[in-house]
*Asks:* 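Before I ask anything, here is the structure I am working with.
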Amino acid sequence: MVNPMQFTDFSQLDLTRLPSPCFVVDQVAIERNLSILKHVADQSGAKVLAALKAFSMWRLGELTAQYLDGTCSSGLHEALLAKEAYQSNRHQGLTGKNEVHVYSAAFAKDDLSQLLTFADHIVFNSLSQWQNYQSIIQPAKAKRTQLKFGLRINPEHSEGEVAIYDPCAAGSRLGIRIANLEKQDLSDISGLHFHTLCEQGFAELDRTLSAVEQKFGHLLAQMQWVNFGGGHHITAPGYDITALIERIKTFSSKYDVQVYLEPGEAIAIGSGVLVAEVLDIIESDGKQAILDTSATCHMPDTLEMPYRPDIMDAGVIDQYPHNYRLGGLTCLAGDVINDYSFSKPLEIGHRLVFEDMAHYTMVKTTTFNGTKLPAIALWNSTTDALEIVKEFGYQDFKQRLS
């Protein structure tokens, strides 16, 4: 597959204009991705939602609302952000109402009570929560007749290779298996939701849909909508968009349902970088460069997945003459990003550009060790306009603790 970063040439960005560390997002790339997703919606009849858990740079909320049908959130706080920042104010009518969808593995009663006042779709992870909260659900439904409720299902069909990201792994707490749905009263449930993919293509979705139809097909005819979840790499080069559109149309027609997609990474893929600076270079079984960023604080997926992030103008060990292990500035011994090689020796003060760092990065940062959060910048790769949207300091660290 072609590197998605081909769409934005960040080598044209003057790094001296940035604080360090700093996330930089290219608005042109975001709009390119949104245009592709809107094309899928227009051609297939599906509604496409922005998954805020992956990318919630709300500075771009109004832009997102111009292209997509709404947002999906993982709880009250994301849903409140969706309500406040992901509505199209200046371009009414382009996509209609921007829907607020919410799913959580479990809702606290106070959170659910608030969500019932403004969310459009609320999806429950278990029958027990759905049943136990009827005392507040029914009065809310009487006041807001447009409110829709759904259940997350577990198709028991795994496509992922990393267990931590596989909702269908053995012992998963996510979704309801068909054995637990049989002979249940679903009269007030209008839709089903499943999420099984992670950075995957159409073939994986197609196989998952077949599993869903095999196990839950007899229930689909009772539903008004079905949410295919996220993890779809729709905007990545090579994704079979034509096949996706046709599969959605076939599914919608067969079961007479509204299909929803809720991509997260697909909105931000290829759109952003993390710029960091070399603070020190030491010798310890080879050269090590310590940066002003951190794997554990700023890009935890490099440790959790794990994966090796690409760096502009760097290669694997021995690809270029000068090898370095890159580490973060925290006290965690394992705060190591990975091993790289460079054509020229690194020097203190050198800026490095970690590629494809817009999604699942800003949403996961921490201030462990009092580590400074990276600034956030918005760049336009066409005009070269640059806006430092947000910088963080001591107060951001302090206020998270007490």
Side-chain angles (χ1 to χ4, degrees), residues 2-42 48 50 52 54-68 71 81 84-95 98 234-237 239 241 263-277 293 298-299 309-314 349-363 365 373-392:
V2 180
N3 187 337
M5 297 306 292
Q6 67 175 321
F7 295 109
T8 296
D9 184 3
F10 279 94
S11 69
Q12 301 303 307
L13 174 62
D14 180 0
L15 302 183
T16 65
R17 299 163 66 191
L18 301 168
S20 184
C22 184
F23 290 115
V24 185
V25 175
D26 176 23
Q27 182 171 332
V28 174
I30 293 290
E31 196 153 7
R32 177 198 72 87
N33 291 341
L34 291 173
S35 297
I36 293 172
L37 295 172
K38 188 174 188 302
H39 169 75
V40 170
D42 290 344
V48 180
L52 298 188
F55 182 69
S56 52
M57 185 178 176
W58 54 269
R59 172 67 172 74
L60 298 173
E62 187 176 321
L63 175 67
T64 302
Q66 293 172 30
Y67 286 87
L68 304 188
T71 58
L81 182 64
E84 293 176 7
Y86 284 79
Q87 303 295 320
S88 181
N89 298 318
R90 292 181 297 184
H91 301 270
Q92 293 292 342
L94 282 183
T95 59
N98 291 290
I234 298 168
T235 56
Y239 189 97
I241 290 176
E265 178 169 334
I267 291 170
I269 189 172
S271 70
V273 296
L274 173 60
V275 177
E277 187 170 299
T293 189
H298 302 158
M299 38 182 140
D310 291 331
I311 297 177
M312 187 183 300
D313 298 325
H350 187 98
R351 293 281 178 95
L352 300 178
V353 178
F354 291 87
E355 298 182 339
D356 213 12
M357 281 285 164
H359 49 84
Y360 287 110
T361 49
M362 286 183 271
V363 295
T365 55
L373 296 170
I376 299 174
L378 188 62
W379 182 52
N380 186 304
S381 59
T382 299
T383 66
D384 196 38
L386 180 70
E387 176 189 359
I388 307 301
V389 177
K390 178 76 173 178
E391 291 189 77
F392 301 90

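The figures here come from the full heavy-atom set of this structure, side chains too, leaving out hydrogens, waters and symmetry mates. Owing to the predicted nature of the structure, the values given are computational and were not obtained by experimental measurement.
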*Asks:* Check Leu68 against Leu37 and note the closest heavy-atom contact, atom names and distance.
*Replies:*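 In this case the closest contact between Leu68 and Leu37 is CD2-CB, 3.9 Å.
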*Asks:* Is atom CG of Asp42 surrounded by more than 12 heavy atoms (other residues, nucleotides or ligands) closer than 6.0 Å?
*Replies:*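 Yes - once you tally the heavy atoms of other residues, nucleotides and ligands closer than 6.0 Å, there are more than 12.
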*Asks:* Is a donor from one side chain sitting under 3.5 angstrom from an acceptor on the other, for Asp26 and Ser271?
*Replies:*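 Looking only at side-chain atoms, Ser271 and Asp26 do not form any donor-acceptor pair under 3.5 Å.
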*Asks:* Nearest 0.5 angstrom please: Phe23 CZ to Leu274 CG, how far?
*Replies:*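 That separation rounds to 5.0 Å.
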*Asks:* Thr293 and His298: side-chain donor and acceptor closer than 3.5 Å?
*Replies:*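 A donor-acceptor contact under 3.5 Å links the two side chains.
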*Asks:* Determine yes or no for a side-chain-to-main-chain donor-acceptor pair under 3.5 angstrom, with Arg351 supplying the side chain and Ala276 the backbone.
*Replies:*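 No, Arg351 side chain to Ala276 backbone: no donor-acceptor pair under 3.5 Å.
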*Asks:* Does a salt bridge link Asp384 with Arg17, judged by any charged N lying under 4.0 Å from a carboxylate O?
*Replies:*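 Arg17 and Asp384: salt-bridged.
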*Asks:* Looking at every heavy atom in both Gly270 and Thr8, which two are closest together, and how far apart are they?
*Replies:*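 The answer is O-OG1, 3.9 Å.
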*Asks:* Counting N and O atoms only, with roles assigned by atom type, does the side chain of Thr383 sit under 3.5 Å from a partner on the main chain of Ala385, one being a donor and the other an acceptor?
*Replies:*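 Yes: the side chain of Thr383 pairs with the backbone of Ala385.
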*Asks:* Which atoms form the tightest heavy-atom contact between Ile376 and Met57, and what is the distance?
*Replies:*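 Closest heavy-atom pair between Ile376 and Met57: CG2-CE, 3.6 Å.
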*Asks:* Taking atom types as modelled, is there a side-chain donor on Glu31 or Tyr67 under 3.5 Å from an acceptor on the other?
*Replies:*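 Yes - a donor-acceptor pair under 3.5 Å links their side chains.
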*Asks:* So which heavy atom on Trp379 is nearest to which on Asp9, and how close?
*Replies:*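 Closest approach of Trp379 to Asp9, heavy atoms only: CH2-O, 3.7 Å.
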